[in-house]
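Atoms within a ligand are numbered from 1 in the order they appear, just like the ligands themselves. We number each residue from 1, following the sequence as shown.
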Amino acid sequence: MPDRGTRSKMTMHTLRTAALGPWAQAHPVLKAQATLALDLCLPVNPEQILQAPSAGPGRSAKPVLVPHTQLKAKSMATTEGRAMLVHSIAHIELNAIDLALDVVWRFAGMPEAFYTDWVRIAQEEAKHFTLLREHLLTMGFDYGDFPAHNTLWDMAERTQGDLLARIGIVPRTMEARGLDASPGVKNKLISVGDHRAGEILDIILAEEIGHVAAGNRWYRYLCGRRGLDPVSTYAALIAQYDAPKLRPPFNMAARRLAGFEEAELAALS
Ligand SMILES: [Fe+2]
Ligand SMILES: [Fe+2]
């Protein structure tokens with residue numbers, strides 16, 4: 001029979017505290033592995049208020065982060081050019097692991113299904129990162145070999161004080177932009193014969209639709225709880241948080257599957 005102190009420590013080990021482990025892990029491959037190892041059967045403890053062990057998620061020294069305007073693309077005809085594109089997507093996926101885990105530990109007071117949804121999403125992001133990194137290795141490169149930008153994490157920081165803003169903007173704007181970008185990126189890579197990259201992007205697109213759908217579902221839940229209109233609130237959030245403006249072409253089919261309503265799709269054009 002554990003004594004009182006041990007027992008309270010044991011009850012403190014929850015899905016939400018466990019999410020802090022891979023969040024704080026700096027090594028990208030270990031971060032992905034630790035995320036995949038998270039046990040969805042752990043108790044959630046939605047009301048627990050948690051503190052992060054560090055100011056931000058764990059990051060290795062590479063890739064070097066630069067403003068996104070300093071990132072230059074190279075010709076897709078070269079292996080290096082293709083690798084740079086695959087690397088940039090791998091970087092987004094690594095950030096997406098942290099974004100999903102961050103939602104799990106940082107924001108208390110949601111239903112248990114909210115937390116398990118976001119742990120599952122983090123695990124899919126870890127799979128996406130791993131697939132892309134393994135593909136990079138076959139090209140003679142690794143994650144960290146090219147510079148990258150910090151745009152996604154910047155938006156996470158800006159919205160860390162309000163879950164409605166986080167869910168309204170990160171999955172429904174930043175990840176939804178990934179749905180829009182996917183067909184063009186896939187065409188670029190398969191047009192130079194990289195069919196494996198095309199297959200990986202198909203897997204990612206199918207699962208990203210699910211992530212944006214979860215974003216839509218929980219965004220509407222939060223709007224409902226606060227008595228807010230989802231469409232006008234979204235426009236207000238975009239302005240308040242200076243979120244990136246959405247530009248065509250839009251992947252309307254994927255956006256419909258992800259649960260955007262006709263009024264929201266009409267507001268895009
Ligand atoms: Fe992903
Ligand atoms: Fe995602």
Side-chain angles (χ1 to χ4, degrees), residues 19 22-23 25 28-38 40 57 59 63 85-107 113-136 143 148-157 159 163 165-186 188-189 196-219 243-244 246 250-251 253-260:
W23 184 88
Q25 172 59 252
V29 175
L30 298 183
K31 183 190 286 288
Q33 286 172 356
T35 302
L36 289 166
L38 285 172
L40 280 154
R59 283 277 182 271
L85 181 55
V86 172
H87 186 278
S88 69
I89 311 165
H91 180 69
I92 291 170
E93 299 294 349
L94 190 81
N95 273 266
I97 298 173
D98 286 329
L99 283 161
L101 296 172
D102 195 83
V103 162
V104 173
W105 76 258
R106 189 181 298 277
F107 298 99
F114 172 83
Y115 301 101
T116 49
D117 269 1
W118 250 273
V119 170
R120 273 193 213 98
I121 290 170
Q123 292 180 324
E124 289 179 352
E125 308 296 17
K127 181 174 108 187
H128 301 167
F129 171 78
T130 305
L131 286 169
L132 291 162
R133 183 199 168 233
E134 282 168 359
H135 190 52
L136 262 184
Y143 178 67
H149 65 75
N150 205 30
T151 314
L152 264 173
W153 196 257
D154 285 344
M155 190 48 79
E157 283 188 344
T159 55
L163 181 58
R166 172 67 66 81
I167 298 295
I169 294 173
V170 174
R172 302 177 71 256
T173 305
M174 316 291 278
E175 285 191 281
R177 283 213 304 188
L179 306 184
D180 298 331
S182 179
V185 173
K186 181 183 164 184
K188 257 190 195 175
L189 286 160
R196 177 59 187 151
E199 286 168 10
I200 295 171
L201 287 172
D202 282 343
I203 295 168
I204 292 177
L205 176 61
E207 294 184 343
E208 290 302 330
I209 289 172
H211 303 179
V212 180
N216 276 324
R217 215 165 45 242
W218 290 112
Y219 173 72
L246 291 169
F250 299 112
N251 188 340
R255 283 176 173 269
R256 272 196 185 91
L257 284 172
F260 283 105

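Salt-bridge formation is not detected for the pair Lys127/Glu124: no Lys NZ or Arg NE/NH1/NH2 atom is positioned less than 4.0 Å from an Asp or Glu carboxylate oxygen.
Annotation: the span from Tyr115 atom OH to Phe107 atom CZ amounts to 9.5 Å, rounded to 0.5 Å. Note: Phe129 CZ to Leu36 CG = 11.0 Å, rounded to the nearest 0.5 Å. Atom CD in Glu208 sits 13.5 Å away from atom CZ in Arg177 (nearest 0.5 Å). Summarising the geometry, atom CZ belonging to Arg133 is positioned 15.0 Å from atom CD belonging to Glu93; distances are rounded to the nearest 0.5 Å.
When the N, O or S atoms of Glu125 are ranked by distance to the Fe ion (ligand 2), OE2 comes first. Atom OE2 is the N, O or S atom of Glu175 at the shortest distance from the Fe ion (ligand 2). Atom ND1 is the N, O or S atom of His128 at the shortest distance from the Fe ion (ligand 1).
With the Fe ion (ligand 2) as the vertex, ND1 of His211 and OE1 of Glu208 span 90° to the nearest 10°.
At least one N/O/S atom of Glu93, whether from backbone or side chain, sits less than 2.8 Å from the Fe ion (ligand 1).
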